[in-house]
Amino acid sequence: MSNPGHIPRHLRMGHREILESLSGLLLVLFVAMISSTIVSTALPRIVGELNGTQTQYTWVVTATLLAATATTPVWGRLADMFSKKLLVQIAIVIFVIGSLLSGFAQDTSQVIAARAVQGIGVGGLQALVQIVIAAMIPPRERGRYNGYLGGVMAVATLAGPLLGGLIVDTSWLGWRWCFFIGVPIAAIAFALLWLTLDLPRTARVKAKIDYLGAALIAIGVSTLLVWVSFVGNSFDWLSWQTFAMVGAALLVLAGAVWVELRAESPVVPINVISKRVPALSILASLAVGMAMFGGSVFLGQYFQIGRGYTPTEAGLLTMPLMFGVLVSSTVTGRMVTKSGKVKPYIVTGAIVLVAGFLGLSFIDHATPLTVIGVGMLLVGLGVGMTMQNLVLAVQNTAAMKDLGAATGSVTFFRSLGGTIGVSVLGAVLANRVQSIIAEHLAAAGLPAGSGGGSLNLKTLPPIAQTIVREAYGDATGHIFLISAAIGAVGVIAALLLPDITLRSGAPAPEPVTPAPAVPVPSHADARAHAPAPAYANMSTVAAHAHAPTAAARFTDTEPALGRA
């Protein structure tokens, strides 16, 4: 039984104490982000030692993104129904299991399967952390804390590639520790959440989880990704396999839309995301996700295979990208809180992102590193200004009862964009590399199979190694040009967004007749025993000087949070 007089910790304390409550969330977000970035520079070595192919290289990344994408909206809807704190802890446990399975994998197929398990946990962590913060802090003040989130994400993306490279280059560790290292960090985050996170206790909402809709979405997207991975290699673009797979995927996705429109609690609420701000924010997130994930995933491969650098050196060379994310997300978060406006930063970030990808589209195997560094810096600045602010724009318009589903939906489409981007750009890169290798081998008078299909270059003769490196170096610029074109869609969506002013408090409730049976403490008692919410600014406190108590106000205006 909950204590009726209990006021959650985040409502009793100030900024410093809120950060203490968020410490576990920030750490768990860090471990979720670093699980992907730490592998980015290690992946060429992992796939090479396991004798994997370019298609398998792509699927090691795609498996995690696909699993996270398919489960994110489910996690979001569960957060509207059950304890958010408990769900975060469950997601941590799933993540740890996936990390251990990845570390003990014996071939690339096992790595791909284990990364899918890890992706289920990552999907929960990425969505739930933002949902918990949204439940605690109003949108305008949330910009300040989103700066901390962006900083943590940037540090993870900054440290991950370098740490992954160091682990792979350290003989007594090896690539398996790229997966094992997240386990103790996740355990610490679990303990911190247990001790510091104190959320309002909500009554259980009796609603059905739309498992059918989630399954149909996952099946439809997976079918399209499998088709993208094999078309052009195993079968032609115009073939019966293409018509069968694409046709089946479209039918399944159409069925998913039909189910979502009729479901009691849809994982992707069409009525919420079809409104102007959520729809445009989701379209921009889809484009940004495709461009960012699809483009940046192959930078580590470019530096190692295309340029011949070690994993550690590749991690250092990708630092401009991560530094850009760190700076722009932190600075933008504070400016959003100060002004209450997000559109100018979203538009500027989308334009800068496209400019960065256009710069990277000209690279080849001999491009000066300073030129590449400038392009990566611009991409990082664009990502930092857009990703979190697009989520914030959606959360600002969502009702409290739909907060989890709305946040999960925008995160879902961003992950979906990343999944499609990695798969499509990986397929384009593989096809372009194969054509360049075949052309150069013929010019050198070598047999067509001398380039091999494996990324383990040590098994190739020296002249074939040179040809493969030049092929990867020259082909990578092409996928960044595609990323820029995709990013342009995000610019258009950002420009079409209306001017958004972030709220400084909870959404205004519908007019209701006060229930006389509920005892309301006196104003004196309220002032003595129920401090104003920690996130309330002075204007908000003044506006509510003659309002009911903090506990009563939250019970009446935020039904999704439940009675404290």
Side-chain angles (χ1 to χ4, degrees), residues 2 8-10 21-22 24-26 28-29 32 67-95 119-139 142 145-146 149 189-190 193-194 196-211 213-214 217-218 260 263-273 278 282 285 388 391-392 394-415 506-507 554 558-564:
S2 61
R9 187 171 187 261
H10 69 278
S21 290
L22 294 179
L25 292 173
L26 296 176
V28 80
L29 181 64
T69 300
T71 58
T72 291
V74 177
W75 287 109
R77 179 53 75 184
L78 287 172
D80 291 329
M81 300 170 60
F82 303 105
S83 166
K84 297 174 179 63
K85 178 176 179 178
L86 177 61
L87 289 172
V88 174
Q89 292 171 324
I90 292 173
I92 292 175
V93 172
I94 296 174
F95 171 82
I120 296 174
V122 170
L125 297 178
Q126 289 179 342
L128 292 168
V129 167
Q130 297 182 78
I131 291 170
V132 169
I133 292 176
M136 295 172 60
I137 306 166
R142 204 177 304 149
Y145 294 96
N146 274 351
L149 282 180
F190 188 98
L193 285 171
W194 183 272
T196 63
L197 185 61
D198 185 10
L199 292 174
R201 290 184 281 272
T202 63
R204 179 171 176 173
V205 178
K206 294 183 178 180
K208 296 179 180 179
I209 298 295
D210 181 24
Y211 294 111
I217 292 171
E260 295 302 274
E264 178 183 341
S265 299
V267 291
V268 180
I270 305 297
N271 62 322
V272 174
I273 67 173
I282 284 172
S285 295
Q388 289 303 109
V391 176
L392 194 56
V394 174
Q395 291 176 339
N396 188 66
T397 61
M400 288 302 297
K401 65 183 180 64
D402 293 319
L403 184 60
T407 304
S409 295
V410 70
T411 308
F412 163 77
F413 282 102
R414 186 177 66 203
S415 298
F554 270 81
E558 299 187 18
L561 292 180
R563 189 174 298 276

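Only heavy atoms go into these numbers, but all of them, side chains included; no hydrogens, no water, no symmetry mates.
- Between Trp194 and Gln89, the closest heavy-atom pair is CE3-NE2, 3.3 Å.
- Not one N or O on the side chain of Trp75 forms a donor-acceptor pair closer than 3.5 Å with the backbone of Ala68.
- Judged by distance alone, the side chain of Lys84 and the main-chain N or O of Leu128 form no donor-acceptor pair under 3.5 Å.
- Taking Leu193 as the reference, Leu25, Val88, Ile92, Leu197 meet the side-chain contact (heavy atoms from CB on, under 4.5 Å) condition, with sequence neighbours excluded.
- Rounding to the nearest 0.5 angstrom, the gap separating the CG atom in Leu78 from the CD1 atom in Ile131 is 9.5 Å.
- Distance check, rounded to the nearest 0.5 Å: CD1 of Ile90 to CD1 of Ile120 gives 13.0 Å.
- If you take CG on Leu87 and CG on Leu125, they are separated by 11.0 Å, rounding to the nearest 0.5 Å.
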